[in-house]
Amino acid sequence: MSMSNSLKKLSSCVLIDLDGTLINTDGVVSDILRKYLSKYGKQWDGREALKIVGKTPLEAATTIVEDYGLPCGVDEFNSEFYPLFSAQMDKIKSLPGANRLIRHLNGHGVPMALASNSSRANIESKISYHQGWKDCFSVIIGSDEVSKGKPSPDLFLEAARKLNKDPGECLVIEDSVPGVLAGKAAGATVIAVPSLPKQTHLYTSADEVINSLLDLKPEKWGLPPFQDWIENTLPIDPWRIGGPVIKGFGRGSKVLGIPTANLSTKDYAEELVEHPSGVYFGWAGLATRGVFKMVMSIGWNPYFNNTEKTIEPWLLHDFTEDFYGEELRLIIVGYIRPEANFPSLESLVAKIHEDREVAEKALDLPSYAKFKDDPYLTK
Ligand code: ADP
Ligand code: RBF
Ligand code: MG
């Protein structure tokens, strides 16, 4: 999938997609469709998301009207859907790492274009809720400004032309399959950041598939590296979650020799969607036992290919007994790496021990250590 170094083209500018790449449009669209379809006695099936990701507004609307057999035409659907969507636009959140990426590239003078299958007017409205974003893009272009939307290369070709760049010099960042195809057809280097889980296999034409924008390494593509990593960790906006410790798959201690005190995922559905899967660390509090360093994974545990996204915190302390049912409070302060698959159980275990060392060391740094005293942990 990834090109050998000798063939790799270096990029001097970035062409980036909006929905699903920089902002979580799907979250709001799903909410609206769930309510809208229930009026017709239909139930929104999240699996439809895969069919509409990266499509033009017209294609997406046609798919929904046809798949749900709605008793209305596409035009009527659009005239009902768009006012609902416009009213919720301010609720569309930026995706993890999006703001950081835009500010980083802009701060280093890397020219950037926003190229989206959505209309120019809608792009402008959506980004108006994200402070300072508009000024970071020298070019903004919607599918109503070219003859064909993605997967046609038109949007990216036009964006490159407006930036005065050869498409071969452009790095495209995309979450959808049509977007990746469009970028490759334009002759650009393409990084895929799939917005739907477990879909990596669909992105074979991308030059690299990453799990989230947090995993982007601009220097691999000739762009300035991020400078915010400290001792192999990336500080994140601290995130607090807590609840009673529940039974997991029963394999943490048994199979890996690494116990993980699982939290119920039902209670954190929203946070789980908002945070990319990966290995994180922070502090863990148990009311009667104290505060401990903690390293955890969030995700589908690729080695075990779970069907559910789980939260698995390993408290870095030797306990003499289990603490199922006790209230566990976590403050997650930094990111280490994406979840990965491993050729053997031993190599997975070795990597988790490496994560432990990274976390133990990092948590002594003042910027992470200060959260140890946060009242949330033991309250
Ligand atoms: P499960 O699959 O039920 O989560 P594990 O084998 O992962 O089982 O063991 C996790 C349990 O072990 C926790 O719920 C907790 O009660 C206990 N435990 C003991 N020591 C630790 C530790 N250092 N970190 C996390 N959990 C621990
Ligand atoms: N599982 C994976 O399949 N891939 C990983 O990269 C991975 N990293 C982990 C890192 C840490 C720090 C911890 C605590 C767990 C990790 N696991 C990973 C999850 C592990 O598979 C899980 O805890 C056990 O399966 C118990 O359910
Ligand atoms: Mg566990």
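Counting convention: from 1, in listed order, for ligands and their atoms alike.
D175 and Y203 form no side-chain donor-acceptor contact under 3.5 Å, judged by distance and modelled atom types alone.
Considering both main-chain and side-chain atoms, F249 comes within under 3.5 Å of ligand 1 through a nitrogen or oxygen pair. Polar contact with ligand 1: absent for K247 (N/O pair, distance under 3.5 Å). Remark: ligand 1 and L316 share no N or O pair separated by less than 3.5 Å (distance only, no angle test). On a distance-only criterion, I246 and ligand 1 share no N/O pair closer than 3.5 Å. Polar contact with ligand 1: present for G248 (N/O pair, distance under 3.5 Å).
Relative orientation of the H104 and H108 rings is tilted, given thresholds of 30° and 60° on the angle between their planes.
Among all non-hydrogen protein atoms, the one lying nearest atom 18 (N) of ligand 1 is F323 CE2, 3.7 Å. For atom 21 (C) of ligand 1, the closest non-hydrogen atom on the protein side is P259 CG, 3.5 Å.
Relative to atom 20 (N) of ligand 1, the option among W314, Y324, F319 with the closest non-hydrogen atom is F319. Summarising the contacts of atom 9 (O) of ligand 1 with G325, S253, A284, the nearest heavy atom is found in S253.
Legend: residues meeting salt bridge (Lys or Arg N to Asp or Glu O under 4.0 Å) with K93, ordered by chain and number and at least two apart, are E274.
Sorted by chain and number, the protein atoms of type N, O or S within less than 2.8 Å of the Mg ion (ligand 3) are T260 O, T260 OG1, N262 OD1.
With a heavy-atom cut-off of 4.0 Å, R251 touches ligand 1 through its backbone alone. Contacts of T260 with ligand 1, taken as heavy-atom pairs under 4.0 Å, involve both backbone and side chain.
Residue pairs meeting the ring pair (Phe, Tyr, Trp, His ring centres under 6.0 Å) criterion with at least one member in residues 121-176, sequence neighbours excluded, are H130-W133.
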Check each N or O atom of ligand 2 against all protein N or O atoms and list the pairs under 3.5 Å, with atom names and distances to 0.1 Å, one per line.
from, atom 1, to, atom 2, distance (Å)
ligand 2, 3 (O), P302, N, 3.1
ligand 2, 3 (O), Y303, N, 2.8
ligand 2, 4 (N), A340, O, 2.8
ligand 2, 6 (O), R337, NH1, 2.9
ligand 2, 6 (O), R337, NH2, 3.3
ligand 2, 6 (O), A340, N, 3.0
ligand 2, 6 (O), A340, O, 3.4
ligand 2, 8 (N), R337, NH2, 3.1
ligand 2, 23 (O), E312, OE1, 3.0
ligand 2, 25 (O), R251, NE, 2.8
ligand 2, 25 (O), R251, NH2, 3.4
ligand 2, 27 (O), E312, OE1, 3.0
ligand 2, 27 (O), E312, OE2, 3.3

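Taking every non-hydrogen atom of N262 and a distance limit under 4.0 Å, the qualifying atoms of ligand 1 come out as 4 (O).
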